[in-house]
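For the numbers below, each heavy atom of this structure counts, side chains included, while hydrogens, waters and symmetry mates do not.
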2 protein chains.
Amino acid sequence: MSTTEPSCTRFLPALRELVRAYQAFDGVSSKHIRSLGLTTSQFDVIATLGNTEGLSCRDIGDKTLMVKGTLTGVLDRLENKGLIRRAPHPEDGRSTLVQLSPTGDALFHAIFPTHLAYLDKLFAPLTDAELSALQQHLNALRQILERDRAEEDDDVSP
Amino acid sequence: MSTTEPSCTRFLPALRELVRAYQAFDGVSSKHIRSLGLTTSQFDVIATLGNTEGLSCRDIGDKTLMVKGTLTGVLDRLENKGLIRRAPHPEDGRSTLVQLSPTGDALFHAIFPTHLAYLDKLFAPLTDAELSALQQHLNALRQILERDRAEEDDDVSP
DNA sequence: TATTGTTATACTCTATAACTATA
DNA sequence: TATAGTTATAGAGTATAACAATA
């Protein structure tokens, strides 16, 4: 408060907490995921495919934020582990239908409830009102940040 | 609400928003960082070293959540770019004092205000009250999650 | 001509462990 | 004996571009 910057930093405490909270969650979550012999990306794919009839690579990439080149590698490794299958897409000859294999489906149903129950225990101290408020504020924040992504071209320069 | 799981998922909407808000921020932030020719890890180190007299690898690792083996590689690349310097630590012969080079310091002072101003513009729609509430809720969440990390041993099993 | 997914390349981060040199 | 940092290794994600098959 005696420096050169104006009021340019009022958002920093909240932003720092966002990053730290996410990192804390990521630490808890990825510890659990790694104990299953999976990476975060692999788990994301399993979770995305769970309870579906199968998805195209494009769909999976959209949901997991992976570009197609990356996804191919992740799917290769999941296929090698026998957790997914690739089949020709019935409606589009260019596309691939990616599905959980029986093993993958069993894994999904074995680990997901456990994962959720584990997290639920952690979240017990937070009231519904707190969770709801948190959700709404985070949603507002996200919309602001995503609005920026849309404006890909009119950037900072001028 | 007609499935097998109990109330095991009341936290999921908030958690999903946490992840999505973080991903949105990460998208905005890393777009800016990559445009500077840096990776997120490299930027983290630059930001950590900014406005300090230099830090040990241990300190940097603690703040950026990188293990020492990873950090060595990141520091190597920053050193090759001429952005940091490694000097023997004056107080401990085993340790290294990592500092921003003049070039790195210039970069830090050139990009940090820009980065903050850029974010400040994005955050303009949020009121101080909203930011404050968000910060407090995130802090509560983080403490819950970090409490878990401490209990490394009495895990889910029994 | 546009889209889907794969391949290829080069880089970076991750995790782990062995190693050195200091303390 | 413990700590700080480097080195070595193997594996995995990232970004980008070129490519084949299909629409």
- Item | Heavy-atom donor-acceptor pair, Ser29(A) side chain to Phe25(A) backbone, under 3.5 Å | no

- Message: If I take atom OG from residue Ser41(B) and atom CE from residue Met66(B), how far apart are they, to the nearest 0.5 angstrom?
- Response: 4.5 Å

Output a table of donor-acceptor pairs, distance under 3.5 Å, between side-chain atoms of residues 74-83 of chain B and any protein atom two or more places apart or on a different chain; print 'none' if there are none.
unit_1	atom_1	unit_2	atom_2	d
Asp76(B)	OD1	Arg86(B)	NH2	2.2
Glu79(B)	OE1	Arg86(B)	NE	3.2
Glu79(B)	OE1	Arg86(B)	NH2	3.1
Asn80(B)	ND2	Asp76(B)	O	3.4
Lys81(B)	NZ	Gly37(B)	O	2.8
Lys81(B)	NZ	Gln42(B)	OE1	3.2

- Say whether, by atom type as modelled, one donor and one acceptor occur between the side chain of Thr114(A) and the main chain of Ala110(A) under 3.5 angstrom. yes

- Which sits closer to the 5' end of DNA chain D, Leu71(B) or Met66(A), going by the nucleotide each is nearest to? Leu71(B)

- Measure the acute angle between the ring planes of Tyr118(A) and His32(A), then classify it against the limits of 30° and 60° as parallel, tilted or perpendicular. tilted

- Message: Whole angstroms only, please: what is the CG-C1' distance between Asp44(A) and dG13(D)?
- Response: 12 Å

- Item | Distance, nearest 0.5 Å, that separates CG of Leu97(B) from CZ of Arg85(B) | 10.0 Å

- Query: Has the side chain of Thr64(B) got a donor or acceptor atom that lies under 3.5 Å from a matching backbone atom of Ile60(B)?
  - Reply: yes

Can you tabulate the close N/O pairs, meaning under 3.5 Å, that link protein atoms to atoms of nucleotides 10-12 of chain D?
none

- Nearest-Å distance for atom pair NZ/P, residues Lys68(A) and dC19(D): 14 Å

- Task: Tell me what Gly69(B) touches on the nucleic acid: a base, only sugar-phosphate, or nothing, going by heavy atoms under 4.0 Å.
- Result: base

- Task: Give a yes or no answer on whether the side chain of Arg58(A) reaches the backbone of Ser95(A) with a donor-acceptor pair at less than 3.5 Å.
- Result: no

- Task: Please list, in 5' to 3' order, the outermost nucleotides of DNA chain C lying under 4.0 Å from any heavy atom of chain A.
- Result: dT3(C) to dA15(C)

- Rounded to whole Å, CZ of Arg34(B) lies from C1' of dT16(D) at a distance of 12 Å

- Query: What is the distance from CG of Leu75(B) to C1' of dT7(D), rounded to the nearest Å?
  - Reply: 14 Å

- Give the intermediate values and the outcome of side-chain hydrogen bond (donor to acceptor under 3.5 Å, both in side chains) for residues Asn139(B) and Gln135(B). CA-CA 6 Å; Asn139(B) 186 273; Gln135(B) 177 192 347; over 6 Å; no

- Task: Whole angstrom is fine here: how far is it from CG in Leu65(A) over to P in dG13(D)?
- Result: 15 Å

- Message: Under the rule for salt bridge (Lys or Arg N to Asp or Glu O under 4.0 Å), what residues qualify as partners of Asp59(A), not counting sequence neighbours?
- Response: none

- Could you state the interatomic distance from OG1 (Thr103(A)) to CD1 (Ile84(A)), rounded to the nearest 0.5 Å? 12.0 Å

- Message: Which residues in residues 88-101 of chain A have a heavy atom closer than 4.0 Å to any atom of DNA chain C?
- Response: Arg94(A), Ser95(A), Thr96(A)

- Query: Does the His115(B) side chain pair with the main chain of Ile111(B), one donor and one acceptor, at a distance under 3.5 Å?
  - Reply: no

- Within the distance-only criterion (no hydrogens, no angle test), does the side chain of Ser30(B) pair as donor or acceptor with the backbone N or O of Asp26(B) below 3.5 angstrom? yes

- Query: Could you state the CG-P distance from Asn80(B) to dT6(D), rounded to the nearest angstrom?
  - Reply: 13 Å

- In numerical order, the residues of residues 51-60 of chain B whose heavy atoms come under 4.0 Å of DNA chain D are Ser56(B), Cys57(B), Arg58(B)

